[in-house]
Amino acid sequence: MGLTRFTDKIYYLEHEAEVDRPMLAYIKGNRFSLAVDAGYSTSHVADFYTALQSEQFKLPDFTVITHWHYDHTFGMCAINGISIAYEKTNEFLKDQQEQAKSANYIAALKQEDVHFRKEYRGCDRLNIVLSDITFSDKVELDLGGITARIFHTVSPHSEDSTCIYIPEERVLFLGDSTSEDFFHNGYMDQEKLGILMQMIQSVDCDYCILSHCEPLQKESLLEYLDSLYITD
Ligand SMILES: [Zn+2]
């Protein structure tokens with residue numbers, strides 16, 4: 001699978017529903033490049049980097065993590081360059097590291113999640129690493145002719161959700177932040193959803209990019225989220 005060009009400066013490797021791999025994005029500055037999410041596994045990273053190399057793109061200088069869930073982070077051990085995450089993401093990853101010390105952990109994940117079983121077929125150990133840089137609220141990267149504004153957001157999906165706003169391209173990366181919380185029986189916290197919708201509304205963008213679907217126009221995403229938002 002090759003890279004998809006979204007704008008002159010934004011490319012991505014598409015999400016794969018059968019294995020629940022999220023999309024991995026690439027923001028191409030004149031000086032530095034930034035990847036959005038590390039991916040599910042070493043082989044997910046390898047597929048992404050092969051796609052980058054076939055376009056003659058250099059490997060990412062930085063990789064920012066949208067949240068700790070394993071499909072977004074367990075590839076972090078194999079990335080090129082420096083990883084960046086919200087401080088709470090590292091706390092969650094530290095907890096994953098602890099759990100993975102038990103040899104049963106990978107077996108338990110395979111048991112629970114058919115996608116995990118497919119992604120880690122034939123593999124019996126995990127290498128979970130923390131990010132190199134953490135931020136506590138927001139951080140801005142000047143990639144050369146293009147900026148990445150990285151910030152934490154309230155989200156119903158996970159406590160550590162991070163967004164990346166690219167003002168020059170009017171694009172907002174949202175990770176999985178608009179989804180319900182799968183680790184708590186798919187609970188959709190309406191208050192958090194409302195705050196997230198206000199945040200999206202306030203960002204001056206045309207497109208919103210979620211990790212597990214095609215890029216959406218901001219208005220269609222807000223319309224969809226509005227249909228999930230129950231007010232009384
Ligand atoms: Zn997630």
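Computation of the quantities below employed the complete heavy-atom set of this structure, encompassing side-chain atoms and omitting hydrogens, waters and symmetry-equivalent molecules. Since this is a predicted model, take the numbers as computed values, not measurements. Numbers here are sequence positions counted from 1. We count ligands from 1, going down the list as the structure has it; atoms in each ligand are counted the same way.
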Subject >> Arg117: side chain to side chain donor-acceptor pair (under 3.5 Å) partners, not counting sequence neighbours >> reply: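 Testing Arg117 for side chain to side chain donor-acceptor pair (under 3.5 Å), a comparison that skips the adjacent residues, returns none.
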**OP:** For His157, check side chain to side chain donor-acceptor pair (under 3.5 Å) against everything at least two apart and list the hits.
**Re:**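 Side chain to side chain donor-acceptor pair (under 3.5 Å) list for His157, sorted by chain: His67, His69, Asp176.
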**OP:** Taking the six-membered ring of Tyr207 (Phe, Tyr or Trp), confirm whether the NZ or CZ of Lys218 is under 6.0 Å from its centre and within 45° of its axis.
**Re:**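 Output no; distance or angle outside limits.
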Original post:
Among the protein atoms near the Zn ion (ligand 1), how many are N, O or S and lie under 2.8 Å away?
Top reply: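 The number of such protein atoms is 4.
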**OP:** Report yes or no: does Glu168 contribute a side-chain atom to a donor-acceptor pair with the main-chain N or O of Ala148 at less than 3.5 Å?
**Re:**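 No, Glu168 side chain to Ala148 backbone: no donor-acceptor pair under 3.5 Å.
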Subject >> Under 4.5 Å side-chain linkage, directly or through intermediates, the cluster mates of Val154 >> reply: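 Val154 clusters with Ile195.
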Original post:
Is it true that Lys9 and Glu169 make a salt bridge, defined as a side-chain N closer than 4.0 Å to a carboxylate O?
Top reply: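 No, Lys9 and Glu169 are not salt-bridged.
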